[in-house]
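To keep things clear, I will list the structure first and then write my remarks on it.
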Amino acid sequence: MPEGHTLHRLATALGQAFAGHQVRVSSPQGRFAESAALLDRRTIEDAESWGKHLWVRFDADDLVHVHLGLYGRFDLLDGVEVVPPPVGQVRLRLVRAHGAGSNVYADLRGATACELQTPEQREALVARLGPDPLRPDADPDRAWQRIRRSRAPIAGLLMDQSVVSGIGNVYRAELLHRHRVDPFRPGTSLRPGRWTGMWEDLVSLMADGVRTGVIRTVRAEDLTEAEWRDAAAWVSYVYRRAGEPCRVCGTRVRVRDLQGRNLYWCSRCQPRFRSRALQ
DNA sequence: ATGACATGATAAA
DNA sequence: TTATCCTGTCATA
């Protein structure tokens, strides 16, 4: 699940559940135990995300920086009668006891990062991140200035968190397909209008992701009636559909390893770009 | 029981 | 480019 929309939802949910309250902080798995002891019984002020990074801010400006990585998860459960004993490897557990048998707790597992940070450390990290389409102050031109100067394939640039932050393998593949862009096109070959269109679409797609909690990129008009009734068909045009027919043209979806990640695309909808210099 | 794989990122070679 | 870390789930045996 963890692309930018997941972290954005998490920040909101954690803020609603814990902001302004004293919490019990523990690390049942042990790897965050020392810091957990330091934070236990203190007050959470708020939570915030930028791209795939999440910060939970405690009083006195102590931040817990979380990055879920490929398979981390942060499960929040509200209105629980009794907080259950931890299951599996719980790195961090936050608990707010309402009393009257109604409690809230959140369990973090499998995260790449779960560490105490100062505001300065957070600043330094954010300085390395590109604009996050989910943040209202995001400046798409900052991303564009990187893209237009880079000969790297656009599919790689979209995944580079210092260019744009929050895009993962799903949004990358789907965005390129929706805009009929060859994933291997160098950044230098894109025109500004194309980027503007992609950015605006990304803002809207990711906002949908925040609203619904899932990434669903297929437009209704690209589905048959049967598919319309089948929720699974709504999910993606090309992501994880290698060998299956493209929902737009029927060509078999292709997959190739690009910088260690599976890249999915349709060779007909996203035909190979040829630069004028080569013609 | 075992292994492959995953919506990520980093450090080393 | 390759190896490595973190954890859970699903398919295969």
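Worth knowing before you read on, the calculation uses all heavy atoms, side chains too, and leaves out hydrogens, waters and symmetry mates. None of the values given here were measured: they were computed from a predicted structure. Naming convention: chains lettered A, B, ... in sequence-line order (proteins, then strands); numbering from 1 in each chain.
Distances shorter than 4.0 Å separate none of the side-chain N or O atoms of A:Q89 from OP1 or OP2 on C:dG8. Using a 4.0 Å cut-off, some side-chain N or O of A:Q29 falls inside it from OP1 or OP2 of C:dT7. Remark: A:R240 is not in phosphate contact with B:dT7, judged by side-chain N or O atoms under 4.0 Å from OP1 or OP2. Distances shown here put every side-chain N or O of A:Y171 at or beyond 4.0 Å from the OP1 or OP2 atom of B:dT7. Taking side-chain N and O atoms only, A:R261 has no distance below 4.0 Å to OP1 or OP2 of B:dA9. Within the 4.0 Å cut-off from OP1 or OP2 of B:dA6, not a single side-chain nitrogen or oxygen of A:N169 is found. A:K52 has a side-chain polar atom (N or O) that falls below the 4.0 Å cut-off from OP1 or OP2 of B:dA9.
In DNA chain B, consecutive stretches of 3 or more Watson-Crick or G-U wobble pairs with both distances under 3.5 Å are given as paired ranges: B:1-6 with C:7-12, B:8-12 with C:1-5.
A:L92 has its CG atom 13 Å from the P atom of C:dT7, to the nearest Å. The separation between A:N262 atom CG and B:dT7 atom P is 6 Å, rounded to whole Å. Rounding to whole angstrom units, CZ of residue A:R241 and C1' of B:dT7 are separated by 17 Å. Protein atom CZ of A:R128 is 17 Å distant from nucleotide atom P of B:dG8, rounded to whole Å. In this structure, A:L263 places its CG atom 13 Å from P of B:dG8, rounding to the nearest Å. In this structure, A:M159 places its CE atom 10 Å from C1' of B:dA9, rounding to the nearest Å. The nearest whole Å value for the distance from the CG atom in A:L70 to the P atom in C:dG8 is 14 Å. We find that CG of A:L134 is positioned 14 Å from C1' of B:dT7, with the value rounded to whole Å.
Nucleic acid contact for A:R172: none, since no nucleic acid atom lies under 4.0 Å from a heavy atom of the residue. Contact annotation for A:Q161: backbone-only contact, meaning every heavy-atom pair under 4.0 Å involves sugar-phosphate atoms and none involves a base.
Each of A:R73 and A:L68 was matched to the nucleotide of DNA chain C holding its nearest heavy atom; the match closer to the 5' end belongs to A:L68.
Using a 4.5 Å heavy-atom cutoff, the side chains of A:V104 and A:H21 are not in contact. Between A:L116 and A:L39, the closest side-chain pair of non-hydrogen atoms falls below 4.5 Å.
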Go through A:D222 and A:R247 one step at a time and tell me if the salt bridge (Lys or Arg N to Asp or Glu O under 4.0 Å) criterion holds. CA-CA 7 Å; A:D222 289 327; A:R247 293 193 199 288; over 6 Å; no
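Annotation for A:I167 and A:R172: closest pair CG2-N, 3.6 Å, computed over non-hydrogen atoms.
At least one test fails for A:R148 against the ring of A:W195: distance under 6.0 Å to the centre or angle within 45° of the axis.
Among A:R178, A:R219, A:E174, A:H177, the one residue that satisfies the side chain to side chain donor-acceptor pair (under 3.5 Å) test with A:Y237 is A:R219.
Heavy atoms from other residues, nucleotides or ligands lying under 6.0 Å from CZ of A:R252 number 12 at most.
Atom P of C:dG8 sits at a distance of 23 Å from the matching atom of B:dT10, rounded to the whole Å. The same atom, C1', is picked in B:dT7 and in C:dT1; the two are 23 Å apart, to the nearest Å.
Taking CZ of A:R41 as the start and CZ of A:F58 as the end, the distance is 13.5 Å to the nearest 0.5 Å.
Minimum atom distance to the side chain of A:H67 is reached by B:dA9, of the listed C:dT7, B:dA9, B:dT7.
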